[in-house]
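By convention in this document, chain letters (A, B, ...) are assigned in the order of the sequence lines, proteins followed by strands, and residues within each chain are numbered from 1. All values below come from the heavy atoms of this structure, side chains included, with hydrogens, waters and symmetry mates left out.
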Amino acid sequence: MPTDTKRVRGPEVSQSPSLFSCDPAAVLPSKGPRADGRRRDQVDVRPVFVRCGLVSQAKGSAYLEAGNTKLMCCVYGPRETDRKDETNMKCGRLTTDMRFAPFSCLERGSWIQGSQDKDFSLMLHESLQPAICLHKYPRSQIEVNVMVLENSGSVLAHAVTCASLALADAGIEMYDLVLGCSMRQDGTSYVVDPSYMEENCWNSVSCENQGGLTVAFLPSLNQISGLQSDGEMTEETLTAGVRTCIEGCYKLYPVIQHALTKAVRKAAPSQSES
Amino acid sequence: MSPMKLCVPGDKLCSAEDCIPGTGVYLRHGYIYSSLAGYVLRKNEGEELPVISVVRETETQLLPDVGAIVTCKVTSINPRFAKVHILYVGSTPLKDRFRGTIRKEDVRATEKDKVETYKSFRPGDIVLAKVISLGDVQSNYLLTTAENELGVVVAHSEAGKYQMHNMAIGLEALENSSTVLHRILAPCWTTRWCYLMDYLSTEKHLLGLLLPLEDCDNTCEKHVSVFF
C-alpha cells in the first residue's frame, strides 16, 4: 500500500483525529426530495458546463463541470509508441490515466496512484477504445490523461464524457462521441447522476435493490461501450437502470455537441474553405 | 458560397448513394458518418458523385505512410544502418519526432554491398528519404535513399560550413569565400523547389520554399547576394 513517507506521523500512541469526528448524516432519506433540488425517479442530470481547448500544450483538452464535480482531460498524440512489445503494429494504442487530485475528495488523498485510480483508468480505457479509429494511426500511441479536481459524485461517467470531448478537440478520428451517465438505485427509487453523498451513503435497512450503475454510451451508433455496476440489483432493475442512463446520455448530447462546434468555430472562424 | 456546416464525430452526413466518402468520414450500413469535429466539405470532382469530407482547420496530423517522401535528420550511424529522426512528411512538419532507419543496402541503388555508411551519412545531416515499410515490432520506420532525388540535402563539412550534396549551384566558391553566410539555398529535386535553409541554427532548417528550380541558374554569386 503506497504510503506518504514525507509526513510526520507523531508518537506511536497517537490516533487520527478523524476517528473522533462525528459522522455527518449517514443515511439519506430515500423518499424525500434530493439535497440539491432535483427529482427522484426522473432522469434529472445536473447541468453541465464544458469547454474545449484550455490546455495549450496538449493536442486536445476539455474541462467539464457538473454540479460540484470538476474534471479536466488532456490528450496527447498520436506519438511514437515507447514500448515495442505489442505484436500488432497495424493499429494505434490508447493509454488512459485517471488521477484524483489530493484535494478532490473529502479526505486528503496522496499523489501516488491508489488502486481505485488504476481501476478507473482501466474502465476509461475500456469505454473509449471502441470509439476511436485506431487503425488509422499505425505504430502510434494516443495518451488520455484525466485529472479530477473535485469529486462530487459520478466521476467515471463525467470522465468518459470529458475524455471523448478532448479526443474530438485533438482531431483524433472517432466513430462517435462517448457519453457517460450514472445512477444509484436505492430500494425502489433511483437517482440519476448522484452526488458524492448520494453515492456513498448506503441505506442501513438493506432493501433488495441497492447499487450503482455507470454506463458509457455511443449515441449515434446506439451502442454501449462501458458498463460498471456495484451492489446488488435484480435483473429488471439493472436493465431499467441501463435504459435510464441511456436517456441521461441523450440529455447530455446537445450540450456536448454545442461545446464542440463552438471550439471548432473558435479555432477557425472563417466560413470559407481554407 | 453557402456557410459551411459544422459536425461532430458520429453525425450522419448523408447516404452513400449521394456522395463518395473522403477524409474524416467513415461508411457504415450505407450511410456516411463524420469521424472528426470540423467543417463539412462537399467537392464536385467531375465524377458523378461529389466527394464529402470533414476538415479541421488545424493541420491534419500526418503520419509517415509507405511511399511518402520524408525529411529526416541523422542521429547515429552504424556500419549496418543509420538511425534518423523523421521531422517532416512531405512539406508538413511533424509535432512529435518519429524514428526511422536507413539500412546499408537501401542507401543507393547500385553497388549496394560497397556502401560505407560513415562515408554516406554523418550525424546531423538532413536527408530526404522515402518510407518503404512501417517496420515490425522491433524496428522503426524503414527508409530508403536509393533514388535520384533522394539523399543528403544538407551536411556539415569539417570546415564547419554547410555544404550541399546533389547541388547544381557551385559550392566551392561558397566554401572558400570569406564572407559569412547566413542562409543557404538547397534545391530539392523531388518537389522542384529551392529551399532557404537557416545556416546558423541547426534545428530550424527549412525556413521556406523560395523559387522554382528552373529559375535558379548555376551561378552562386547571384543567389548569395540575394539572400543574405
Segment of A/Leu167 engaging chain B (4.5 angstrom heavy-atom cut-off):
neither
Chain B contact via A/Ser164 - side chain, backbone, both or neither, heavy atoms under 4.5 Å:
neither
Please report the shortest heavy-atom distance between [X] and [Y], naming the atom on each side.
X        : Y        : answer
B/Tyr26  : A/Tyr175 : OH-O, 2.5 Å
A/Glu80  : B/Phe98  : OE1-CA, 3.5 Å
A/Asp169 : B/Arg56  : O-NH2, 2.7 Å

Quick one: CD on A/Glu173 to OG1 on B/Thr23, what's the gap to the nearest 0.5 Å?
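Rounded to the nearest 0.5 Å, the CD-OG1 separation comes to 7.5 Å.
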When rounded to the nearest 0.5 angstrom, what distance separates CD1 in A/Ile172 from OG in B/Ser35?
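Here the rounded value is 11.5 Å.
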Using a heavy-atom distance cut-off of less than 4.5 Å, which residues of residues 251-259 of chain A contact chain B?
A/Tyr253, A/Gln257
Within the 4.5 Å heavy-atom criterion, are A/Arg265 and B/Tyr39 side-chain neighbours or not?
yes
If you count heavy-atom pairs under 4.5 Å between each of A/Pro219, A/Ala170, A/Ser220, A/Cys133 and chain B, which one has the most?
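Maximum pair count with chain B is reached by A/Ser220.
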For chain B, which candidate among A/Leu221, A/Asp176, A/Thr261, A/Leu218 shows the most heavy-atom pairs at distances under 4.5 Å?
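The candidate making the most pairs under 4.5 Å is A/Asp176.
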Non-neighbouring partners of A/Phe100 that pass ring pair (Phe, Tyr, Trp, His ring centres under 6.0 Å), sequence neighbours left out:
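Ring pair (Phe, Tyr, Trp, His ring centres under 6.0 Å) check on A/Phe100 returns A/Phe120.
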A/Ser154: what forms a side-chain hydrogen bond (donor to acceptor under 3.5 Å, both in side chains) with it, not counting sequence neighbours?
A/Arg46, A/His158, A/Asp193
Distance under 6.0 Å and angle within 45° of the ring axis: does A/Arg139 meet both against B/Tyr141?
yes
Who in residues 9-18 of chain B is close to chain A, using a strict under-4.5 Å heavy-atom cut-off?
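B/Pro9, B/Gly10, B/Asp11, listed by number.
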Check whether B/Val54 gets within reach of chain A through its side chain, its backbone, both or neither, counting any heavy atom under 4.5 Å.
neither
Is it the case that atom [atom1] in [X] sees more than 12 heavy atoms from other parts of the structure closer than 6.0 Å?
X        : atom1 : result
A/Lys70  : NZ    : yes
A/Lys262 : NZ    : no
A/Tyr250 : OH    : yes

